[in-house]
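Predicted, not measured: the structure shown is a model, and the values here were computed from it. Proteins get letters first, then strands, A, B, ... in listed order; numbering begins at 1 in each.
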There are 4 protein chains.
Amino acid sequence: MERRKLPRQQRAKATVDSILDAANDLIREKGFSSIGTGEIAARAGVNIASLYQYFPNRETILFSLYEEAANQGAHKLNSLAMKIVHDELETVVPKIIKLLLTHYEEHSAILLRMLHEVPELRRATRVVPFEKMIGSTIRLYLQQHPEFRIKDTPRHMFFLENLVVSNLTRYVTDPPPNVSRSEFLTHLSRVIVAYLKGSFS
Amino acid sequence: MERRKLPRQQRAKATVDSILDAANDLIREKGFSSIGTGEIAARAGVNIASLYQYFPNRETILFSLYEEAANQGAHKLNSLAMKIVHDELETVVPKIIKLLLTHYEEHSAILLRMLHEVPELRRATRVVPFEKMIGSTIRLYLQQHPEFRIKDTPRHMFFLENLVVSNLTRYVTDPPPNVSRSEFLTHLSRVIVAYLKGSFS
Amino acid sequence: MERRKLPRQQRAKATVDSILDAANDLIREKGFSSIGTGEIAARAGVNIASLYQYFPNRETILFSLYEEAANQGAHKLNSLAMKIVHDELETVVPKIIKLLLTHYEEHSAILLRMLHEVPELRRATRVVPFEKMIGSTIRLYLQQHPEFRIKDTPRHMFFLENLVVSNLTRYVTDPPPNVSRSEFLTHLSRVIVAYLKGSFS
Amino acid sequence: MERRKLPRQQRAKATVDSILDAANDLIREKGFSSIGTGEIAARAGVNIASLYQYFPNRETILFSLYEEAANQGAHKLNSLAMKIVHDELETVVPKIIKLLLTHYEEHSAILLRMLHEVPELRRATRVVPFEKMIGSTIRLYLQQHPEFRIKDTPRHMFFLENLVVSNLTRYVTDPPPNVSRSEFLTHLSRVIVAYLKGSFS
DNA sequence: TATGAATGAGGGTTCATTCAT
DNA sequence: AATGAATGAACCCTCATTCAT
């Protein structure tokens, strides 16, 4: 699951990037299971053997794609969280949710469909699902705000994480008719805030 | 996508069933993408050409499997809903949720993983996802209870359906540690009831 | 190393035979390492997938070829040996040697070059080298003729087997100029007889 | 088939040597057909392109290896032969045989397996098989000892050369159980002497 | 009807060798 | 002179599906 060798020269970096880009494009167009290494190489304008100099097998290409999108998202998420960690809850949540929605929209194929459609990836221990990263951020937030009635219990973490991830996921992959983006964001944020404030227990 | 011919004779029925059973078993063991028609036929003790006499292609087998599990679930769901439609909300919801959880647990491979891992199926118009069936039941219920502050608006339907389905789904496929089944059921039901009673708007 | 399935119908037997024949021809023409499954199938006029229905991998094809040539030779050898077992040594040996030479000549590519050039075959435990079969026959003969001064000791077996096999082998693969076939046969037989009679010990 | 350029500098000589050594090691470990140029270069700690600066193709590397082992053996053989050319036959033969056995044992992979397993080498006209070198020495010896009843006829050369080479070869590659080295050497020498003295004609 | 046989199309991967810096 | 990068050509093998008895 490791890359085979790291590109040292500029030319090689370009090759690797074009491979990754090509894979990305093809995934958006055709899904995962139907694309093959040959097709990726062809689209990238790269010899198939070159592809295999940097990626030991097909899976690793997909894995790299996911890793990149997830890490980038986690980075954005954490940056924002750091900045607004001391704001009011009603302000924080919508901002976070909006950022996540945007990121999911930009990388829906990779982040949302890939782990589902290629279950082997999930089994690859090195893959840390983006959802877990979101969960970590939520947990961190809760720990720094002991005033919430909702604590870091397994149950609440489960529901919270799911509340966030599943609604975003579904809004992107299976968008409901007649629900505008802002309407969705507002409502979801409100539900989350209500949950955090413990309107249920 | 239609079955090729309906089995009129007893023997043919048995053949079809053995194919479906074999597919079911293999799916549980190895997932979807890795199982092939030859393997299914072999496991079923049926000649590969016979298999193609009843199923025009690989997809149809999977489709039949899904259809059966979904319809059976919908049937159970509706039966229960009819019986308790006039009970109190706090009684109705946990019963429904429990039934759904049980059904999902029994058919997790088919109902939860298959549509995700085999995206072509989702595109097949004839497949009605079980989630939609759940949505319909919810909608029906809402229509018969105009006293709820939550109405049958697209937004509420979206959140409600998702609340139910995603939590059940995730509880089955990615069970949280340290959250007991009954704890989960209770909490989920409570959240749903709260949502229905409009604790958020 | 087992054949994958046995041909039951006449058609299938023909397919298998044509594969084996094609492989045989190609081996004579080009050697072993350079021929591939695709080439064999093409030459045989058979689809590559059909080939793999009867042979699980490339090696097995070569193996089958060897097995057939070796078994056929062993059979001829034993038939002859049974017939003349009670004749005089000076009569027996030339007949045996001539038979072996003829068999080697007919199957030189398979029997003489294959085991050398494809060392994996030798490691395949199921392959019984033809040379061992010859050795067995020699041993059997010695046991039935206790009057010889040469006994069935490891050392004598080693030399005898080698005397027979290596000279025949080399005569076929690397024929000496100016040594006629009959001259070779006569001389080799004479040496063997001398060795059997113990002109050395 | 020529080396591409002769190494003039010290560093280049070292590079060539490390390539040859690496190839040698790999051959002992894995055989011939399975080792590739990339592997050799990696093991030698040399860039693959550098390798191709000294060897125009894969074959040449193997060829160089053979050439070195064969020439070294021929040299040892001739040195010894010169020294003892006037000794008694019964003394000469065992010494020669022992030297050859030792040399074969030390270079069995190269001298015994390589020409067999890589038939292209044999076809390369520049390769003079070690066996031919042995044959030459035998012939030379016979010419200098006209008192032997065995003359330098094609037939006798064929048998003699084969007697020596094949027994040594087989003893090394396929050692018989329960035949000690010294027993083998003694017996083989005795047979050779007997043959030279014409105990058969 | 049921079964053995056949097949087209592709899919992942490797290797010897050459190019460009 | 030495190295990282690139590549063309294969090769082994599998699978969904159809044919023929």
Asker: How does DNA chain F read in dot-bracket, base by base from 5' to 3', with Watson-Crick or G-U pairs under 3.5 Å and | used when the partner is on another strand?
Answerer: .||||||||||||||||||||
Asker: What's the CZ-C1' distance between Phe32(B) and dA16(F), to the nearest Å?
Answerer: 19 Å
Asker: Under 3.5 Å, side-chain donor or acceptor atoms of residues 39-51 of chain C against the rest of the protein: list the pairs with distances, not counting sequence neighbours.
Answerer:
unit_1	atom_1	unit_2	atom_2	d
Glu39(C)	OE1	Lys30(C)	NZ	3.3
Glu39(C)	OE2	Lys30(C)	NZ	2.7
Arg43(C)	NH1	Glu29(C)	OE2	3.2
Arg43(C)	NH2	Glu29(C)	OE1	2.9
Arg43(C)	NH2	Glu29(C)	OE2	3.3
Asn47(C)	OD1	Ala49(C)	N	2.6

Asker: Determine, for nucleotides 2-7 of chain E in 5'-to-3' order, which nucleotides have protein heavy atoms under 4.0 Å from the base (write B), from only the sugar-phosphate (write S), or from neither (write -).
Answerer: BBBBBB
Asker: Is the CD atom of Glu68(C) crowded by more than 12 outside heavy atoms at less than 6.0 Å?
Answerer: no
Asker: State whether Arg4(C) places a side-chain N or O below 4.0 Å from either non-bridging phosphate oxygen (OP1 or OP2) of dT14(F).
Answerer: yes
Asker: Starting from C1' on dA10(F), measure out to CD1 on Ile40(C) and report it in whole angstrom.
Answerer: 15 Å
Asker: Do any N or O atoms from the side chain of Tyr52(A) and from the backbone of Arg4(A) form a donor-acceptor pair under 3.5 angstrom?
Answerer: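 Between the backbone of Arg4(A) and the side chain of Tyr52(A) there is no qualifying donor-acceptor contact (under 3.5 Å).
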Asker: Rounded to the Å, how far apart are Ile19(D) CD1 and dT17(E) P?
Answerer: 13 Å
Asker: Does the side chain of Ile61(D) come within less than 4.5 Å of Tyr54(D)'s, by heavy atoms?
Answerer: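 Heavy-atom side-chain distance check fails, nothing below 4.5 Å.
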Asker: Just the rounded figure in Å: distance from C1' of dC11(F) to CD of Glu59(C).
Answerer: 15 Å
Asker: Using heavy-atom distances to pick each residue's nearest nucleotide on DNA chain E, tell me which of Thr37(D) and Tyr52(A) is more 5'.
Answerer: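 Checking each residue's closest nucleotide, the 5'-ward one belongs to Tyr52(A).
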Asker: Between Gly38(B) and Gly36(C), which residue's closest nucleotide on DNA chain F lies nearer the 5′ terminus?
Answerer: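 So the residue in question is Gly36(C).
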Asker: When you measure from the side chain of Asn57(D) to the backbone of Thr60(D), do you find a donor-acceptor pair of N or O atoms at a distance under 3.5 Å?
Answerer: yes
Asker: Tell me, do Glu120(B) and Ser33(A) make a side-chain contact under 4.5 Å, heavy atoms counted?
Answerer: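 Contact flag for Glu120(B)/Ser33(A) side chains = yes.
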Asker: State whether the side chain of Arg58(C) and the backbone N or O of Ile35(C) hold a donor-acceptor pair below 3.5 Å, judged by distance alone.
Answerer: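 Answer holds: yes.
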